[in-house]
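Since the structure comes first, as structure tokens, the remarks are kept for the end.
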Amino acid sequence: MTDTRARLIGFLGVTRAAVGVAALMRPQLVYRCLGVSAGADGDTVARLFAIREIAVAAAALQPDPTGRRVGLATGVLVDSVDVISVAVGRRHGDSGTGAVLIGGAAALYAVAGTYALLG
């Protein structure tokens, strides 16, 4: 593995874990970033997102190459679905700022994760 690829994987894993921990501790931040109302079960849904982020980060950061590839591939999959979800939400009136912030970050992570997988 090249140093650049190792640094990219580390960056993806650490920042994904940080987002997950932040969303776990302050679930309302997820909705604030999206510019939508949390609803009655908002904290629960945000915490589900948080745990997903932490689990994918842990998989991507593990030393086993096979497990790491599974973690990276899972990250690419969930980030790609996030991009689609944000685009659909935008068509239904969700915040444009949230779409750029969350959708843009998910798209960036999907591309970076793909690069890390193929590199």
Side-chain angles (χ1 to χ4, degrees):
M1 175 182 335
T2 67
D3 284 343
T4 301
R5 182 170 175 251
R7 282 193 301 271
L8 176 60
I9 292 169
F11 173 81
L12 291 170
V14 168
T15 56
R16 185 181 293 278
V19 166
V21 169
L24 188 63
M25 301 303 290
R26 301 278 315 261
Q28 54 281 68
L29 289 175
V30 174
Y31 295 98
R32 232 179 269 149
C33 288
L34 283 170
V36 298
S37 163
D41 294 328
D43 285 1
T44 300
V45 173
R47 286 189 174 107
L48 292 171
F49 161 79
I51 294 302
R52 175 196 84 174
E53 291 299 300
I54 293 167
V56 171
L61 291 172
Q62 68 177 294
D64 175 58
T66 302
R68 188 172 46 244
R69 288 186 61 77
V70 169
L72 288 168
T74 302
V76 169
L77 174 66
V78 299
D79 290 330
S80 299
V81 171
D82 285 349
V83 170
I84 294 165
S85 297
V86 169
V88 169
R90 181 69 186 121
R91 291 187 59 165
H92 293 279
D94 288 354
S95 164
T97 303
V100 170
L101 181 65
I102 303 296
L108 178 65
Y109 272 63
V111 170
T114 300
Y115 177 80
L117 274 170
L118 299 176

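Excluded from the calculations below are hydrogen atoms, water molecules and symmetry mates; all remaining heavy atoms, backbone and side chain alike, are included.
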Evaluate the side-chain proximity of V76 to Y109: yes if any heavy-atom separation is below 4.5 Å, no if none is.
no

Are L72 and F11 linked, directly or through other ILVMFWY residues, by side chains that come within less than 4.5 angstrom of each other?
yes

Approximate separation, where rounding is to 0.5 Å, of L108 CG and L12 CG
8.0 Å

Taking R16 first and then D79, would you say they form a salt bridge - that is, a charged N and a carboxylate O separated by under 4.0 Å?
yes

Considering all heavy atoms of both residues, which atom of A23 and which atom of A46 are nearest to each other, and what is their separation?
CB-O, 4.3 Å

Could you tell me whether Y115 atom OH has more than 12 heavy atoms of other residues or ligands within 6.0 Å of it?
no

Donor-acceptor contact below 3.5 Å, side chain Q62 vs main chain A59:
yes

Any chance you could measure L24, atom CG, to E53, atom CD, to the nearest 0.5 Å?
12.0 Å

Distance col, row R69:CZ vs I9:CD1, nearest 0.5 angstrom, shows 9.0 Å

Hey, is the main chain of A60 close enough, under 3.5 Å, to the side chain of R68 for a donor-acceptor pair?
no

Identify whether V111 and L77 are in the same connected component of the hydrophobic contact network (ILVMFWY, side-chain heavy atoms under 4.5 Å).
no

Is there a path of hydrophobic side-chain contacts, each under 4.5 Å between heavy atoms, that joins F49 and V56?
no

For the student: nearest non-hydrogen atoms of G13 and A57, plus distance:
O-CB, 3.2 Å

Transitively linked via ILVMFWY side-chain contacts under 4.5 Å: V19 with V86?
yes

Would L117 and V70 show up in the same hydrophobic cluster when neighbours are defined by side-chain heavy atoms closer than 4.5 Å?
no

Quick check for you: to the nearest 0.5 Å, what is the distance between R26 atom CZ and Q28 atom CD?
5.0 Å

Give the C-alpha distance, both sets of side-chain angles, the deciding distance and a yes or no for side-chain contact (heavy atoms from CB on, under 4.5 Å) between T2 and R5.
CA-CA 5 Å; T2 67; R5 182 170 175 251; 3.2 Å; yes

Under 4.0 Å between a Lys/Arg side-chain N and an Asp/Glu carboxylate O for D82 and R52?
yes

